[in-house]
Structures are given as structure tokens and as C-alpha cells.
Amino acid sequence: MNDSFFMKRCVDLARLGSGYVAPNPMVGAVLVHDEIIIGEGYHEIYGGPHAEVKCIGSVTGHLRELIPQSRLFVSLEPCDHFGKTPPCTDLILKHKIPEVIIGCIDKNQLVSGKGVERLRNAGVRVKAGILEKECVDLNKRFFTFHSLKRPYIILKWAQTSDGFIGRSGQRLHISNAYTNILVHQWRSAEQSILVGKHTILSDDPKLNNRYGTGRQPLRIILCGRPFTGNYRVFSEGSSIAFNTEIENEDGNIYWKKVDKENYLGEVLRNLHQMNVQSVLVEGGAITLQHFIDEGLWDECRIITNTKMEAGNGIKAPVMLQSKLVHSQQIIDDSIQYFVNTHNNFVACKELSDYF
């Protein structure tokens, strides 16, 4: 078994934290002695122990005597600063672990390179870049947030075979029940869901996660002027409504005022300041097209019902600067996954290992 085998286990463990650890990264760790895993762990929940702590803590009985002769594999560079928990480098040095193998370097300025430097200065052998692509893809939300100073943006819509997403005043149920379960799993992996005002007025969606695990996403509404009504986003959970007129809290809604100039940019800047790491944009067509036209997106997931035709209605958005990286079929629903080829961080990455 080579280093890649053990790093793959780190990645698999890290994914178990999806939907629970944001805005922290997903991280997995394994401790190996003579090619046998004697301990493993992952970052399970935001504010909780890091992967290295869980891993070393999982070693029991006489096996703990082997820790100073073992190699620690971790998918992301260990931290060397105090946050909600102490530095993981302190723990590694305390247990006299002689070698650390890292998947990728942390792009958070609080960490980037500092963990490696601290360990090497203390005499620990450090090797980095094992399964680097997989480890970077694992935390593309986290890295985009810190590199581009905005949330990771995923666009999603469902369309008929002839390219319509709905009809004016009428909601089309396009995707099937199995695809709907998948969509809610997508929601569970993201920190927030975003729609435009007209989606609220026409569909009155709940914008929650009913079939997936993880926390409920923050609900975000884009609008010019504030609006009222007996809508579920006003009564079931909390929401943020970005508008250009008022700023106050009204029941479950926080009305956040932003300038008309560079509206989307201002929204994303505010979300970054709020520590929102990822956004799933679900509609409507105008809102989705604005994100596409301004190049403010990282992934796009398009569900096409191959058997349904609308004939007329609201046309689906038009994709620009995109690359198809994955596709799947769920009965009559064809799902295509695209990445933004002009995104400075994840441009043209092959994401098939993630799905």
C-alpha cells in the first residue's frame, strides 16, 4: 500500500463532515504504523475537535505506545493557530509523531504554509501534495472563499426537453421524486440557498432541506424593493433579503440594504463578511442569468426532463463559458454538471471524483 491509499482514506473520512463543518474545511486523518491504520478521525462539526485530534484520540490501549513511531496522514495542512480549538501542530509535536503526509496546503492566510514550517522546524519530516487534486476538490468551497473573497456559487435549475423552466403564473413539476431527493441532498451540503423575489411570489417555496442530512441552509432572497405577504420564507425559519431601500430585522427576515451599483458583487461581499462559504442559486431564470452573465458562478447543475415538453413559457437560462465535467441519468431526468472555465480557482477542474 502506498501513500495514496492512506490519503484516499483521509478524503473518504473528510466527506463525512459535509454539511456540518462549514465554514471550516472538511478534513480527514489516519495514523499508520508499519502500513496498518491504528487510528483515524475527521472534523465532524464546526467548533468541534479537528481531524488530527479525533485521529490521535482514537488510538487505544497498547497501540498508543506506537504513536511516536507512526506516520500521520491528513488531507489538509495542520493548523498552527488558535481558533475555536488549539493548534494541531502542538498536538503532533506533543505526541512526537516523526512524519506527516499532507494532501494539500491550506489557502487560509492564517494557516497557509505555517503549519508545515512549524513542523519542519521542529524536526518532523513533512511531505505534501499526495492526491493533491482530490484534496483540493474536496474543499473547493473553502478555498474559493479564501482565495476569491466570495462564497462558492452553484447554479441549479430544472428544465423541460424543449428548454423551459416554467410558465408564467403556473409552477411546472419538472424533475421526478428521486431527483428531488438528490436536490435536497445538494441543499444539505451548502450553507445557503438563494432565489430572486419573483420565485417567492410565484412558487412560495420553503427553501429548506427535507430529505438530506446536515444543517438547514440559510435562505437568501434578492429583491430591489422590500415586499410583504403570507410567504413561507417569512414564517418558517430565518431569511436574509438583500434590497436597495431598508436595513432592519422584521420577524424572521433580516432586510439587508446594498447599493444598486454592482448589486450582485455587493451581495457576495456581504455574504463573505457573514462567513457564508457556499451558495446554491435555485432561481428564477432572471436571477440565474444575472449570475451567468457576470461570471459569478463556479458550478452549474442542470436537470432536464427528457420526456416533458412545455411548448411555451419561461425560457431556461443560457450557459456561457462552461465545461461539462459529469452527467448522470435518473429515470427520465438527465443531470449535467458544468464548471465555469473562466473561474480563477476551479477553472476546468475534473470534478467527476466528487460526484
Side-chain angles (χ1 to χ4, degrees), residues 3 6-7 9-32 39-59 67-68 70-149 151-152 191 272-273 275-278 345:
D3 290 351
F6 296 113
M7 191 59 69
R9 179 59 180 163
C10 291
V11 171
D12 291 342
L13 286 167
R15 286 195 179 118
L16 297 176
S18 177
Y20 295 98
V21 302
N24 281 355
M26 294 179 282
V27 185
V30 299
L31 195 64
V32 178
E40 61 181 27
Y42 67 97
H43 187 31
E44 298 178 8
I45 191 166
Y46 177 67
H50 286 189
E52 298 92 329
V53 177
K54 299 292 290 187
C55 174
I56 294 171
S58 73
V59 183
I67 293 176
S70 300
R71 298 191 297 158
L72 178 67
F73 288 77
V74 59
S75 58
L76 185 67
E77 178 184 8
C79 63
D80 189 44
H81 69 283
F82 280 90
K84 288 184 174 293
T85 60
C88 290
T89 51
D90 285 354
L91 183 70
I92 294 168
L93 297 176
K94 173 185 175 181
H95 287 276
K96 300 180 180 179
I97 296 172
E99 184 174 1
V100 177
I101 296 91
I102 298 168
C104 63
I105 300 300
D106 195 335
K107 299 205 180 282
N108 183 350
Q109 292 181 354
L110 290 173
V111 181
S112 187
K114 298 181 178 67
V116 170
E117 182 181 14
R118 170 85 185 285
L119 293 173
R120 284 178 172 162
N121 287 343
V124 177
R125 297 188 302 274
V126 179
K127 181 162 56 174
I130 306 302
L131 291 189
E132 184 176 26
K133 171 185 171 296
E134 288 83 351
C135 293
V136 169
D137 284 346
L138 174 70
N139 282 308
K140 54 186 179 288
R141 296 162 181 80
F142 177 80
F143 289 146
T144 296
F145 180 83
H146 287 284
S147 297
L148 302 184
K149 308 303 180 187
Y152 190 84
Q191 273 190 277
H272 183 269
Q273 291 179 345
N275 224 15
V276 176
Q277 193 178 101
S278 64
F345 180 70

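Please read these numbers as outputs of a predicted model, since none were measured by experiment.
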Looking only at heavy atoms, the pair that brings Val30 and Arg9 closest together is CG1-CG, 3.7 Å

Shortest non-hydrogen pair, Val100 vs Pro78, comes out as CG1-CG, 4.5 Å

pair Leu31-Ile97: side-chain heavy atoms closer than 4.5 Å: yes

Is it true that a side-chain atom of His272 and a backbone atom of Phe145 form a donor plus acceptor pair closer than 3.5 Å? yes

State, yes or no, whether a side-chain contact exists between Glu44 and Leu16 at a heavy-atom distance under 4.5 Å. no

Distance from Glu134 atom CD to Cys10 atom SG, nearest 0.5 Å? 12.5 Å

Between Glu77 and Asp106 (side chain of the first, backbone of the second, donor and acceptor by atom type, cut-off under 3.5 Å), is there such a pair? yes

Find out whether Leu93 and Arg118 are in side-chain contact, i.e. whether some heavy atom of one side chain is under 4.5 Å from a heavy atom of the other. yes

To the nearest 0.5 Å, tell me how far Ser147 OG sits from Tyr152 OH. 12.5 Å

Within the 4.5 Å heavy-atom criterion, are Glu52 and Leu72 side-chain neighbours or not? yes

Nearest 0.5 Å, please: how far is CD in Glu40 from CZ in Phe73? 13.0 Å

Please name the pair of heavy atoms, one in Val27 and one in Ala51, separated by the smallest distance, quoted to 0.1 Å. O-CB, 3.4 Å

Would you compute the distance between atom CZ of Arg141 and atom CE of Met26 and round it to the nearest 0.5 angstrom? 6.0 Å

Just to verify, which of Val32, Ile130, Ile101 counts as forming a side chain to side chain contact (heavy atoms under 4.5 Å, CB included) with Phe6? Val32

Do you know which two heavy atoms are closest between Met7 and Gly103, and how far apart they sit? CE-N, 3.4 Å

Hey, does Leu76 have a side-chain heavy atom less than 4.5 Å from the side chain of Cys104? yes

With sequence neighbours left out, write down each residue that passes side-chain hydrogen bond (donor to acceptor under 3.5 Å, both in side chains) with Lys127, or none if nothing qualifies. Asp3

Contact check, side chains of Gln191 and Pro151, non-hydrogen atoms, under 4.5 Å: no

Where the side chain of His43 meets the backbone of Pro49, is there a donor-acceptor pair that is under 3.5 Å apart? yes

Drop me the distance from Ser75's OG to Ile102's CD1, to the nearest 0.5 angstrom. 10.0 Å

Hey, could you give me the CZ/OH distance between Arg15 and Tyr42, rounded to the nearest 0.5 Å? 14.0 Å

With heavy-atom distances below 4.5 Å as the criterion, would you say the side chains of Asp90 and Lys94 are in contact? no

